[in-house]
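Excluded from the calculations below are hydrogen atoms, water molecules and symmetry mates; all remaining heavy atoms, backbone and side chain alike, are included.
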Amino acid sequence: MKFFLKLVLTTAALQLEPAYARADLLEMPQSVALFGGAMVNEDMFAAADFVGANYESNTLLGLGYQVFPYQIGAFNLGLEAGLAGRFGRNASGEVWGGAVGRYDALGLGSVRISPSFTFGLSHVTQSQKGRERDHEQKRDGDARTLFYLAPEVSFARDTAPDTEVFWRLHHRSGAWGTLGDMHGGSNANVIGVRSRF
């Protein structure tokens, strides 16, 4: 996967300014993350209340990779790719990719706080029994390929700036019938650890 991302980024960079064309993937900020959590029987906004949300008996375990070729001050713009397993009432796999924006200039004492947002596409091997399958059947839709949105907040200490813990809302949606004739999709509240390099 890393070779494929390097090929895509190098090809894209050749179409941009010469300064970007000389950029080496190994010199760009990158990260890998491992995360897990529970799927929620709520819409995106209600699911963000991770304490009071109505959780399903479905879980999600994922692995993500990010690279940031563009930086403007404390704002970073890059790409994300991920792979997850979804377990519980049935098992399914998920793969996603998209653009990610991240802001790194917030802090509280010795802790750096970095909000970010990922937008892209997500594909699953089959719909998950629960909210996602219910919406699929209600709309006579197809939940396999949907939009992916992931608001996130990460935290890192000044003494270990390259290791983060984070909360993310892992959201899949048809965006009011735009994809798969689906309005809602699935949501999961996840907690993870990220290593930046």
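For the residue pair Asp158/Ser110, the side-chain donor-acceptor check at 3.5 Å is not satisfied. No hydrogens or angles considered: nothing links the side chains of Glu132 and Ser127 as a donor-acceptor pair under 3.5 Å. Residues Arg144 and His123 have side chains that never bring a donor and an acceptor to within less than 3.5 angstrom of each other. Looking only at atom types and distance, the side chain of Glu94 has a donor-acceptor partner in the side chain of Ser122 under 3.5 Å away. Side chains of Ser186 and Arg172: a donor-acceptor N/O pair is absent below 3.5 angstrom, by distance only. Using a 3.5 Å distance cut-off with no hydrogens or angles, the side chains of Gln30 and Tyr65 do pair a donor with an acceptor. One side chain, Asn76 or Gln71, offers a donor N or O that lies under 3.5 Å from an acceptor on the other.
Residues Trp167 and Asn189 meet the side-chain proximity criterion, which asks for heavy atoms closer than 4.5 Å. Counting only heavy atoms from C-beta outward, the side chains of Leu146 and Ser173 never approach each other to under 4.5 Å. Under the 4.5 Å side-chain criterion, counting only non-hydrogen atoms from C-beta, Phe117 is not in contact with Val100. Between Leu149 and Thr118 the shortest side-chain heavy-atom distance does not fall below 4.5 Å. Counting only heavy atoms from C-beta outward, the side chains of His170 and Met39 never approach each other to under 4.5 Å. For the pair His183/Lys138, no side-chain contact is recorded, criterion being any heavy-atom separation below 4.5 Å from C-beta on. Proximity of Ile113 to Leu108: side-chain heavy atoms (C-beta onward) are separated by under 4.5 Å at one or more points. Leu179 places a side-chain heavy atom less than 4.5 Å from the side chain of Leu121.
Val190 and Met44 sit in two unconnected hydrophobic clusters of ILVMFWY residues. Membership requires side-chain heavy atoms under 4.5 Å apart, directly or through other members. A continuous path of hydrophobic side-chain contacts links Phe197 to Met28 [ILVMFWY only; heavy atoms under 4.5 Å]. Cluster annotation: Phe35 is not connected to Val95 through the hydrophobic network of ILVMFWY side chains, with a link wherever side-chain heavy atoms come within less than 4.5 Å. Linking Ile, Leu, Val, Met, Phe, Trp and Tyr residues whenever their side-chain heavy atoms come within less than 4.5 Å places Phe119 and Met182 in a single cluster. Linking ILVMFWY residues whenever their side-chain heavy atoms come closer than 4.5 Å, directly or via other members, leaves Tyr55 and Ile191 in distinct clusters.
Note that CZ of Phe87 and CG of Asn58 are 11.0 Å apart. Values are rounded to the nearest 0.5 Å. Taking NE2 from His135 and CG from Asp43, the interatomic distance works out to 8.5 Å, rounded to the nearest 0.5 Å. Taken to the nearest 0.5 Å, the OG atom of Ser116 stands 14.0 Å off from the OH atom of Tyr103. Residue Glu136 holds its CD atom at 6.0 Å from CG of Asp142, rounded to the nearest 0.5 Å. How far CG of Asn187 is from CG of Leu60: 11.0 Å, rounded to the nearest 0.5 Å.
For the pair Ala53 and Ala46, the tightest heavy-atom approach, listed with the atom from each and the gap, is CB-O, 4.2 Å. Summarising the geometry of Pro115 relative to Leu106, their closest heavy-atom pair is CD-CD1, 3.8 Å, with the distance given to 0.1 Å. Smallest separation of non-hydrogen atoms from Leu77 and Pro69: O-CD, 3.5 Å. Scanning both residues, Leu34 and Gly62, for their nearest heavy atoms gives CD1-O, 3.4 Å.
Of the possible donor and acceptor atoms, none in the side chain of Thr163 sits under 3.5 Å from a partner among the backbone N and O of Ala160. Under the 3.5 Å distance criterion, the side-chain polar atoms of Gln126 are matched with a main-chain donor or acceptor of Ala91. Checked by atom type and distance alone, the side chain of Arg112 pairs as donor or acceptor with a backbone atom of Pro161 at under 3.5 Å. Between the side chain of Glu56 and the main chain of Arg131, a donor-acceptor pair closer than 3.5 Å is present.
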Check the pair Phe166 / Arg194 against side-chain contact (heavy atoms from CB on, under 4.5 Å), numbers first and verdict last. CA-CA 8 Å; Phe166 63 88; Arg194 176 178 289 113; 3.7 Å; yes
For Arg133 and Gln128, run side-chain contact (heavy atoms from CB on, under 4.5 Å): C-alpha distance rounded to whole Å, both residues' side-chain angles, the deciding distance at 0.1 Å, then the answer. CA-CA 6 Å; Arg133 179 75 58 83; Gln128 195 74 12; over 6 Å; no
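Stacking of Arg102 on the aromatic ring of Phe75 is not recorded, the 6.0 Å distance cut-off and the 45° axial limit not both being met.
Under the 4.0 Å criterion applied to side-chain N and carboxylate O atoms, Asp104 and Arg196 are assigned as salt-bridge partners.
Between Trp96 and Tyr148, the angle of the ring planes stays under 30°, which puts this pair in the parallel group of the 30/60° scheme.
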